[in-house]
Q: 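Please read through the structure below; I'll follow up with questions.
As the structure is a computational prediction, the values presented were derived from the model and not from experiment. Values reported hereafter were calculated over all heavy atoms of this structure, with side chains retained and with hydrogens, waters and symmetry mates removed.
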Amino acid sequence: MMQIGDYRLYALDVQDFALDGGSMFGVVPKVMWEKLTPSDDLNRVMLKTRVLLISGNGRNILVDTGMGTAWSQKLRSIYRLSGFRLETELQAHGFVPEDITDVIYTHLHFDHAGGAFRPAGDGLEPVFPSARHYVQKENYLSAIKPNQKEKVSYSAAFVEAFTRLSCVELIEGAVELFAGIELIVSNGHTRGQQLVRVSDGKQALVHGGDLVPSSAHLPLPWVMGFDIEPLTLIDEKAALLRRMVEGGELLFFGHDPFHEAALLTLDEKGAVVADSFITL
């Protein structure tokens, strides 16, 4: 746990899963990325779905939700999906799902939104019955009518369940959602991704979403095959990392299999981890 202003921040390790290494690192040769993220015999690299919990000022806010439990056995095998540990992780810090007041989605790809729902009868029901849900309007529209490249990343079942939530707020652009919590819009990975920045004017933490999903993606050209606009993403990543280095801000990794967060510095190759990784 760390404190920023009125907020306590927790990194919740809620699930493990695997994706194709080539998809995670795009044009970067395997001989380079495998030094940082080893692959299995099917070329899959292990990843985390790490959720950020922000608690304070009468609110308990989750940033993203992981993949959840509503998966067929076939897909569980394909993604090497572990059990869903969100409730256990919440309980470890004194919370239950009913305590969650707000859920901020960086975007609605299945590995970020699936944990908000669980199987119920023939359909899905919300895991957080008391929460209000926030997503960029542009991303919501992309999820409802995905392009061909992203169609596999937006689960129709989760998107349909999201449309039935009673308390959804569609955000348009960068805003300060709550005091000390602002949303930064990014369009390179998917249209209308929103990064979450928590700041008290002295220190700050930014959830990197899928703009910087892991510490292995700090080099500017190391982008994912999933990204819809790689050149836009490189420009966005350069601007974010420059701001974080100059301001001494902490970067939170939503998918890094080994590390939760890090302070950054610059060397001849660009932004790198400063001295050590940070555990929240």
Side-chain angles (χ1 to χ4, degrees), residues 10-21 23-24 37 39-40 42-53 61-92 97 100 103-120 123-129 131 133-135 139-140 142-143 146 150-165 189-190 193-194 196 207-214 217 224-227 252-260:
Y10 307 86
L12 307 184
D13 178 1
V14 303
Q15 211 159 19
D16 308 297
F17 73 114
L19 289 177
D20 179 76
S23 297
M24 281 303 295
T37 311
S39 61
D40 67 9
L42 294 178
N43 205 49
R44 296 174 298 186
V45 294
M46 290 307 300
L47 302 165
K48 294 285 187 185
T49 54
R50 187 175 292 109
V51 170
L52 180 63
L53 171 62
I61 306 163
L62 287 184
V63 182
D64 287 339
T65 65
M67 290 179 67
T69 59
W71 294 90
S72 68
Q73 190 56 47
K74 178 181 179 180
L75 289 176
R76 287 176 184 273
S77 177
I78 289 173
Y79 293 123
R80 289 185 64 180
L81 191 61
S82 76
F84 191 46
R85 302 183 291 267
L86 179 54
E87 190 163 347
T88 301
E89 286 282 288
L90 285 172
Q91 288 175 350
I100 300 304
V103 182
I104 303 173
Y105 301 84
T106 58
H107 56 300
L108 294 178
H109 283 174
F110 64 72
D111 52 323
H112 297 258
F117 309 99
R118 61 189 167 210
L124 298 173
E125 67 178 12
V127 172
F128 310 106
H133 302 261
Y134 306 84
V135 70
N139 191 251
Y140 175 75
S142 293
E150 290 190 279
K151 198 168 185 179
V152 69
S153 297
Y154 288 113
S155 161
F158 295 146
V159 172
E160 193 277 331
F162 189 88
T163 66
R164 291 188 283 105
L165 290 171
H189 175 64
T190 184
Q193 180 177 206
Q194 54 186 10
V196 180
H207 189 303
D210 275 351
L211 179 59
V212 191
S214 78
H217 291 85
M224 295 188 288
F226 301 110
D227 301 327
F252 180 91
F253 302 116
H255 288 316
D256 195 303
F258 310 112
H259 308 293
E260 296 174 357

Q: Indicate, with yes or no, if the rings of His207 and Phe252 have centres closer together than 6.0 Å.
A: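 Ring centroids of His207 and Phe252 are less than 6.0 Å from each other.
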Q: Kindly give the heavy-atom pair with the smallest separation between Leu124 and Arg164, and that separation in Å.
A: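 That would be O-NH2, 3.6 Å.
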Q: Please name the pair of heavy atoms, one in Leu108 and one in Ala143, separated by the smallest distance, quoted to 0.1 Å.
A: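 Minimum heavy-atom contact is CD1-CB, 3.9 Å.
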Q: Say you draw a straight line from CG of Leu52 to CD1 of Ile61; how long is it, rounded to the nearest 0.5 Å?
A: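 Between atom CG of Leu52 and atom CD1 of Ile61 there are 9.0 Å.
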Q: Got a sec, which residues hit side-chain contact (heavy atoms from CB on, under 4.5 Å) with Ala131, two or more places apart in sequence or on another chain?
A: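 Ala131 satisfies side-chain contact (heavy atoms from CB on, under 4.5 Å) with Ile100, Val103, Phe128, His133 once adjacent residues are dropped.
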Q: Might you point out which heavy atoms bring Ala11 and Glu89 nearest each other, and give the distance in Å?
A: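 Smallest interatomic distance, heavy atoms only, reads O-OE1, 4.0 Å.
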Q: With a 6.0 Å cut-off on ring centres, are His109 and Tyr154 close enough?
A: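 Close enough - the centres of the two rings lie under 6.0 Å apart.
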Q: Got a sec, which residues hit side-chain hydrogen bond (donor to acceptor under 3.5 Å, both in side chains) with Gln193, two or more places apart in sequence or on another chain?
A: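 If we apply the side-chain hydrogen bond (donor to acceptor under 3.5 Å, both in side chains) test to Gln193, skipping adjacent residues, there are no hits.
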Q: When rounded to the nearest 0.5 angstrom, what distance separates CG in Asp227 from CD in Glu150?
A: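 It comes to 9.5 Å.
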Q: Heavy atoms only: give me the nearest Gly66-Val14 pair and the separation to one decimal.
A: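 The pair with the smallest heavy-atom distance is CA-CG2, 4.3 Å.
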Q: If you measure only the distance, is there a donor-acceptor pair under 3.5 Å linking the side chains of Asp64 and His107?
A: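 Result is no, nothing qualifies.
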Q: Can you confirm if the aromatic rings of Tyr105 and Phe162 lie within a centre distance of less than 6.0 Å?
A: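 Yes - the distance between ring centres of Phe162 and Tyr105 falls below the 6.0 Å cut-off.
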Q: In terms of side-chain heavy atoms, does Asp111 have a donor or acceptor partner in Thr49 at a distance below 3.5 Å?
A: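 No - no donor-acceptor pair under 3.5 Å links their side chains.
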Q: Suppose we screen for side-chain contact (heavy atoms from CB on, under 4.5 Å). Which residues come up paired with Leu75, at least two apart in sequence or across chains?
A: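 With sequence neighbours excluded, Leu75 shows a side-chain contact (heavy atoms from CB on, under 4.5 Å) to Trp71, Ser72, Ile78, Tyr79, given in chain and number order.
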Q: Please list, chain by chain and in numerical order, all residues satisfying salt bridge (Lys or Arg N to Asp or Glu O under 4.0 Å) with Asp20, sequence neighbours excluded.
A: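 Checked Asp20 against salt bridge (Lys or Arg N to Asp or Glu O under 4.0 Å); zero matches.
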Q: Any donor-acceptor pair under 3.5 Å linking the side-chain atoms of Asp210 with those of His112?
A: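 There is such a pair between these side chains.
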Q: Quick one: list whatever passes side-chain contact (heavy atoms from CB on, under 4.5 Å) with Met46, sequence neighbours left out.
A: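 Partners of Met46 under the side-chain contact (heavy atoms from CB on, under 4.5 Å) test: Asp16, Ala18, Arg80.
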Q: Please give me the minimum heavy-atom distance between Thr69 and Arg76, naming the atom from each residue.
A: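 Scanning both residues, the minimum pair turns out to be O-NH2, 2.7 Å.
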Q: Locate the shortest heavy-atom distance separating Pro213 from Phe253; write the atom from each residue and the value.
A: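 Shortest heavy-atom contact: O-CB, 3.8 Å.
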Q: Do Lys48 and Asp13 meet the salt-bridge criterion of a basic N to acidic O distance under 4.0 Å?
A: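 Yes.
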Q: Partners of Thr88 by side-chain contact (heavy atoms from CB on, under 4.5 Å), sequence neighbours excluded?
A: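 Testing Thr88 for side-chain contact (heavy atoms from CB on, under 4.5 Å), a comparison that skips the adjacent residues, returns none.
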